Amino acid sequence: QKRHGTAMTETLPTTPSFDLTGRRALVTGASSGIGLACAAALAQAGADVTLAARSAERLDATAQAFREAGLTATTLAMDVADIAAMQAAIAKAGPFDILVNSAGLAIHSPATDTVETDFDAVSDLNFKGAYFLTTAVARGLIAADKPGSLINVTSQMGHVGGIDRAVYCGTKHAVEGFTKAVAIEWAPHGIRVNTVCPTFIRTPLTEATFADPDRIRWIEEKIKLGRVGEVTDIMGPVLYLASDAASLMTGTHMLIDGGWTAG
């Protein structure tokens, strides 16, 4: 407080910065959809973004769009589910101050119809890949004695169940679980680990779902705000978690679900 005569004035706090200038970010699944939007959000906030996905050709086109927009972006072609190759790529390209893992896979069927190959494909990317990607980035930060913000994109289905989604739900619940564990483990290093949990988001991968009137009706009944999500709905929460504005947030999640899980 400051005293002026007999009056007292408060010194107002300053909002923490959302500026990411000087920070290196790795975004997987970055060539389309949610991953692309997250990468754009971080780059627009000043981060030097590395775009990662399996297709080098799509990554090059995405990086060119970033450069044309005056943003800094490089590419890293890799498969998150190829653990040894992914770890080697991260060790060579890192350390990264920020991770957004948006690589994921969904193969839906009734639980009694699940085949082992589908189970393995989904869990190898969504759970095993996410686990070893997160630990690979953390290993680089710890070795460099740097803090960081690691963000896994899970789903509202990491908090509720869904018909025909037993495997998918299982993998997303698993990521929510290990996020809490590593957040505790790496907190002494200043490394924060959180998740963002979207509802149904309109992307090229969800076009078939949104083409089904019955499915759209069911989704909109569940989403209390009455609309499906857009990729722009994910950008603000990811930027927040990546920035100093979220410096006390770790081991938790942000539901971006229009009230689905509240109901």
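What you are looking at is a predicted structure, and each value in this text was computed from that prediction instead of being measured. Atoms considered below: every heavy atom in the structure, side chains included; atoms not considered: hydrogens, waters and symmetry mates.
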Would you say [X]'s side chain and [Y]'s backbone share a donor-acceptor pair under 3.5 angstrom?
| X | Y | value |
| --- | --- | --- |
| Asp97 | Arg24 | yes |
| His108 | Ala166 | no |
| Arg139 | Gln87 | no |
| Arg165 | Ile163 | yes |
| Arg192 | Thr250 | no |
| Lys224 | Lys222 | yes |
| Asp60 | Glu57 | no |
| Ser149 | Leu241 | yes |

How are the rings of Tyr240 and Phe18 set relative to one another: parallel (under 30°), tilted (30 to 60°) or perpendicular (over 60°)?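 Answer is tilted, since the angle falls between 30° and 60°.
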With under 30° as parallel and over 60° as perpendicular, where do the rings of His253 and His159 fit, or are they tilted in between?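 His253 and His159: tilted rings.
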Please enumerate all residues that pass side chain to side chain contact (heavy atoms under 4.5 Å, CB included) together with [X], with sequence neighbours excluded.
| X | result |
| --- | --- |
| Asp82 | Asp79, Ala85 |
| Val231 | Ile34, Ala37, Ile201, Thr203 |
| Thr134 | Leu99, Leu150, Asn152, Phe178, Trp186, Val193 |

If Ile, Leu, Val, Met, Phe, Trp and Tyr residues are connected whenever their side-chain heavy atoms lie under 4.5 Å apart, and connections chain through other members, are Ile142 and Ile184 in the same group?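 Different clusters.
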Are side-chain heavy atoms of Leu20 and Ser243 found at a separation under 4.5 Å?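 The answer is yes; the side chains approach within 4.5 Å.
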Would you call Asn126 and Val175 a side-chain contact if the rule is heavy atoms closer than 4.5 Å?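 Result no, sub-4.5 Å side-chain heavy-atom pair not found.
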Would you please say whether a donor-acceptor pair under 3.5 Å links the side chains of Asn101 and Thr28?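 Asn101 vs Thr28: donor-acceptor pair found between side chains.
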